[in-house]
Amino acid sequence: MSGFTRRGWLLFAAMGLLWGIPYLLIKIAVDSFSPPAIVAGRTLIGALLLLPFAVRSGALKQAAKKWPWVLAFGLIEMAGPFLLLGHAEQSLPSGLTGLLVATVPLFATLIALGGGDRTALRPVRVVGLLLGLGGVALIVLGPGVGISEGGLFAVGEVLLVALLYAIAPFVIARKLADVPSMGSICLALIVVGVGYLPAAILTTHTVPSMPSVISLVMLGVLCTAVAFLVFFALIAQVGPVNAPLFTYINPIVALGLGVIIMGEPFGPGLLVGAPIVLVGCWLAATGGRLRPRPETPAPEDATLTP
């Protein structure tokens with residue numbers, strides 16, 4: 001990948017880690033916190049850390065002028081996905097969750113096709129789409145995955161998260177392109193956090209464990225505030241075309257942490273299906289190129305997960 005300096009590679013590696021570990025942290029946090037409490041805690045912590053940057057740069061003021069679309073972005077990118085992930089990980093292993101979220105490019109390809117983008121019909125991209133969907137089916141239906149009772153519904157929740165993550169960039173590109181990303185993200189975090197706060201209070205009945213508290217704080221600090229700042233720096237360093245490529249590293253991190261730290265199963269279904277999903281997503285998103293075509297439109301925040 002041309003355009004990657006030493007600093008670029010460091011930022012790239014940091015993003016692969018920062019957005020690869022949330023699934024493990026959510027799995028630990030959900031032991032003590034309800035899904036609404038995780039959403040409220042994560043977003044409010046992230047908002048408090050980003051707020052000084054957004055205010056000082058004037059980005060928050062600009063985002064407030066388009067608050068309806070910022071609200072829509074927050075609902076699609078944060079409110080829905082964060083809640084669904086927390087609920088799904090009550091049944092699914094964290095590594096499997098991270099892998100299923102990696103199907104975002106598959107849904108993005110389908111959305112682009114529905115919007116009239118004929119490049120989505122290129123043979124390589126179609127093969128990638130079919131491979132990705134086939135890999136997901138193999139994982140879900142294969143042996144040794146570790147899906148508990150109600151797991152298939154949870155798989156559906158995570159795939160819905162991937163769909164929402166695929167939709168969010170279109171909102172940014174078409175309705176918030178002239179608004180600084182920092183302002184849109186910070187305002188969305190505030191609105192989502194405050195909106196979930198009552199539900200978080202009502203669903204908290206026990207004193208949370210220390211591991212759950214630490215995981216929630218790390219979600220807010222590392223996986224939300226720090227991750228977005230690093231992502232902006234990565235875009236500035238390598239450009240919006242190359243920046244989203246780190247998302248192919250996230251599932252590997254999520255799977256590895258799940259197996260090593262949580263002792264999650266890594267049976268034949270995952271062993272065979274995981275590479276198929278990753279290759280399929282890569283083919284569907286890039287057409288088999290190590291670097292996407294420069295002329296392909298790419299919004300500034302082309303990939304905002306998880």
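Residue numbers start at 1 and run along the sequence shown. No experiment lies behind these values; they were computed from the predicted model shown.
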Query - From CA spacing to verdict: side chain to side chain contact (heavy atoms under 4.5 Å, CB included), M78, V39 - result: CA-CA 8 Å; M78 302 171 188; V39 178; over 6 Å; no

Query raised in the report: Can you list the steps and then say if T224 with T43 is a side chain to side chain contact (heavy atoms under 4.5 Å, CB included)?
Result: CA-CA 7 Å; T224 303; T43 52; over 6 Å; no

Query raised in the report: Between R42 and L189, does a side chain to side chain contact (heavy atoms under 4.5 Å, CB included) hold up when you go through it step by step?
Result: CA-CA 9 Å; R42 174 182 182 178; L189 286 171; over 6 Å; no

Requested in this report: Evaluate the side chain to side chain contact (heavy atoms under 4.5 Å, CB included) criterion for residues I38 and F82: first the C-alpha distance (whole Å), next the side-chain angles of each, then the deciding distance (0.1 Å), finally the verdict.
Outcome: CA-CA 8 Å; I38 293 177; F82 289 178; over 6 Å; no

Side-chain atoms of residues 99-106: list all donor-acceptor pairs with protein atoms under 3.5 Å, sequence neighbours left out, distances to 0.1 Å.
residue, atom, partner, partner atom, Å
T103, OG1, L100, O, 2.6

Show me the donor-acceptor pairs within less than 3.5 Å that the side chains of residues 213-223 make with the rest of the protein, sequence neighbours left out.
residue, atom, partner, partner atom, Å
S215, OG, P211, O, 2.9

Enumerate, atom names and distances included, each donor-acceptor pair closer than 3.5 Å involving a side-chain atom of residues 44-53, sequence neighbours excluded.
none

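Scanning all heavy atoms of the two residues, the minimum distance from S184 to A63 falls at N-CB, 3.7 Å. Summarising the geometry of P36 relative to A199, their closest heavy-atom pair is CB-CB, 3.9 Å, with the distance given to 0.1 Å. Across every non-hydrogen atom of A233 and R7, the tightest pair is CB-NH2, 4.1 Å. Across G20 and P22, no two heavy atoms sit closer than the pair C-CD, 3.3 Å.
Listed by first then second residue, pairs satisfying side-chain hydrogen bond (donor to acceptor under 3.5 Å, both in side chains) with a partner in residues 196-209 read S32-S209, S34-T203, S209-S212, not counting sequence neighbours. Residue pairs that meet the salt bridge (Lys or Arg N to Asp or Glu O under 4.0 Å) test with at least one member in residues 175-186, sequence neighbours left out, are K66-D178.
For the side chain to side chain contact (heavy atoms under 4.5 Å, CB included) test, residues two or more places apart in sequence or in another chain that qualify with V230 are L11, A14, M15, L18, V226. Applying the side chain to side chain contact (heavy atoms under 4.5 Å, CB included) test to I167 and every residue at least two apart in sequence or in another chain returns I76, I111, L163. Scanning for side chain to side chain donor-acceptor pair (under 3.5 Å) contacts around S94 gives E264, with sequence neighbours left out. By the side chain to side chain contact (heavy atoms under 4.5 Å, CB included) test, V253 is found to be paired with L17, I21, I249, L257, residues two or more places apart in sequence or in another chain being considered. Looking at residues two or more places apart in sequence or on another chain, you find no side chain to side chain donor-acceptor pair (under 3.5 Å) involving T97. Every side chain to side chain contact (heavy atoms under 4.5 Å, CB included) that E157 has, sequence neighbours left out, goes to L84, H87, A88, F153, A154.
Taking CD1 of I172 as the start and CZ of F73 as the end, the distance is 4.0 Å to the nearest 0.5 Å. In this structure, OH on Y23 lies 11.5 Å from CG on L96, to the nearest 0.5 angstrom.
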